[in-house]
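Right, one structure below, let's go through it.
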Amino acid sequence: MVLGFLVALFAIAFSLYISVVYDKEQARAVDEARVKAESLFDLNTAIFTHFRDKIRPKNMQIMHDISAEAFDPAIMSSFFTVREINKLYNALNSEQYHYRICTINSRVLDDEADAYEAEIITFFNANRTENERNGVRIIDGKAYYTILRPFRPVGTSCLACHSTPESAPADLVAQYGRQLGFNWPEGQIISAASVRVPLTEAYAVADHVAKASSYFFLVFLCLLLSLTGMLLNVLILQPLKRAKIVAKRIADDPTQNMGERVPSPKGRELAEFAQAFNSMADTLAKERALLDARVAERTRELAEANGKLQRLSERDGLTGLYNRRKFDLAYATAWDNALKQRQPLSIILLDVDDFKNYNDQYGHQAGDDCLRQVAEVLETTVRGPDALAARYGGEEFVVILPGLTGQAARTLAQEICRVVAGKGVCHAKTGAPSIVTISAGVAGQIPEAGETAEHMLEKADAVLYVAKASGKNCCILAD
């Protein structure tokens, strides 16, 4: 884009420059032609005036004295004299300028006004204050600078030869005929002095200068574009390409490449860019390390929070044992495992004896403390990697014992009842002994296909009620 912009800019500048140079060269050629044309015009006007005012009257008097019918254009016609002098001049000079008195209805073909000149002569007649028309004319494909000035109107002295054939010298009529050059009205502008200076060679010089300038600018433009392209590549494109490669590597694998640096290029602006890029990369590397540390810390904190939340969702808020929801999930899992592995599974349902009376006697706060002490006994007596003690609801507790038979579970239940009674927590609103006791219902079996875990739980619940009805502080194993 930069090179294209430079090409367009120089093309515009080049075109304008060549146009200006060409126009100036042409203007200079026209100015030189104007000076030369005016000099030639003044010279020929002086010759014409001198011949017409000084020589011609004397010649006319001499010829009249000799014979009124005699006429010799060489000594009597100012037009003839000027025409002959310019022929001699052009023969001696290579510039081939053109000077003549162009006339409407001229007796000499070379002096006859062309259409353009006749139009200008008519214009001078209509505008007597105008005394010159000049400019560049193209004649037969060639350029000329031209000046036309009105010749003085027909005077009385002119009528001797230009009024009628009968009034003109006989020799004049015999030489030129009776048609051309007569009937000139007095006071009318019939002729105009015309100077033409050729511009072909001058324009050729202008073309040469324009072409030479074109070649110079073309070479200069090629060198400039080559140098500019090389400098752009070395000083800008290559450093930017290196920066792009580093940036892409960082984007593709920020863990490995974060903090990679760009070599410092030449040039203040790009060096500052590289420095800023490297500073950004270092900052991003530090920020990423800090972010990774924060993410790791937050992940750990989140894991801990999730663990706490998981524990809270599984634990009973009062006793710290697993809650009913955790029991349901664990019991279903234990049943499925025992069914698949053909292993025994036992369950113990425990209930605090006369707990309602205890609450009424000692208050709910004391009741909560009583339940917490029972939970402590369960936590210390229930062992095994898969065993689980949970609060079943209210003053009821439940223990899951994978791998234990019913008899082994009953033995553990008796131990739990013994330890609870051994704490000696006073309970005045119960039978002898007057301490807090618990009753337990135990069920155990090897699960069979078609049976359900709920059925074994129902059996344990049924024998629990039997135990409570049998005097409490005892445990019964279901059949």
Presence of salt bridge, Asp369 and Arg372, under 4.0 angstrom: yes
Shortest non-hydrogen contact from Phe124 toward Glu130: CD2-O, 3.9 Å
Heavy-atom pair of closest approach, residues Cys102 and Ser194: SG-CB, 4.2 Å
Plane angle bin for Tyr358 and Phe355 - parallel if under 30°, tilted between 30 and 60°, otherwise perpendicular: parallel
Minimum-distance pair of heavy atoms, taken over all atoms of Ala118 and Ala113: N-CB, 4.0 Å
Carboxylate-amine/guanidinium contact Asp316 Arg391, below 4.0 Å: yes
Closest non-hydrogen atom pair between Tyr362 and Ala428, with its separation: OH-N, 3.2 Å
Electrostatic pair Glu38-Arg34, nearest N-O below 4.0 angstrom: no
Leu349 and Leu457: CA distance, side-chain angles, deciding distance, side-chain contact (heavy atoms from CB on, under 4.5 Å) verdict: CA-CA 8 Å; Leu349 276 176; Leu457 182 61; 4.1 Å; yes
Nearest atoms (heavy-atom pairs only) where Arg324 meets Tyr392: NH2-OH, 3.2 Å
Salt-bridge criterion met for Glu448 and Arg342 (N-O under 4.0 Å): yes
Worked verdict on Ile416 versus Leu378 for side-chain contact (heavy atoms from CB on, under 4.5 Å): CA-CA 7 Å; Ile416 294 171; Leu378 292 176; 3.7 Å; yes
Ionic contact status for Asp328 with Arg325, cut-off 4.0 Å: no
Arg128 side chain to Asn131 side chain, donor-acceptor N/O pair below 3.5 angstrom: no
Derivation of the side-chain contact (heavy atoms from CB on, under 4.5 Å) call for Arg100 and Glu117: CA-CA 11 Å; Arg100 67 176 186 148; Glu117 292 167 334; 2.3 Å; yes
Residue pair Val352 / Phe397, side-chain heavy-atom distance below 4.5 Å: yes
Where Tyr331 and Leu345 come nearest, the two heavy atoms and their spacing: CE1-CD2, 4.2 Å
Enclosure of Asp479 CG (heavy-atom neighbours >12, cutoff 6.0 Å): no
Side-chain ion pair, Asp354 and Lys468, N-O less than 4.0 Å: no
Check: Tyr116 main-chain N/O paired with Asp114 side-chain donor or acceptor under 3.5 Å: yes
CA sep, side-chain torsions, deciding dist, call: Val295, Leu291, side-chain contact (heavy atoms from CB on, under 4.5 Å): CA-CA 6 Å; Val295 169; Leu291 180 62; 4.1 Å; yes
Asp353 side chain to Asn473 backbone, donor-acceptor under 3.5 Å: yes
Check: Glu304/Asn306 side-chain N/O donor and acceptor closer than 3.5 Å: no
Salt-bridge contact Glu297-Arg294 (side-chain N to carboxylate O under 4.0 Å): no
NZ/NE/NH1/NH2 to OD/OE distance under 4.0 Å, Asp360 and Lys356: yes
Distance-only polar pair, side chains of Tyr145 and Arg196, donor-acceptor under 3.5 Å: no
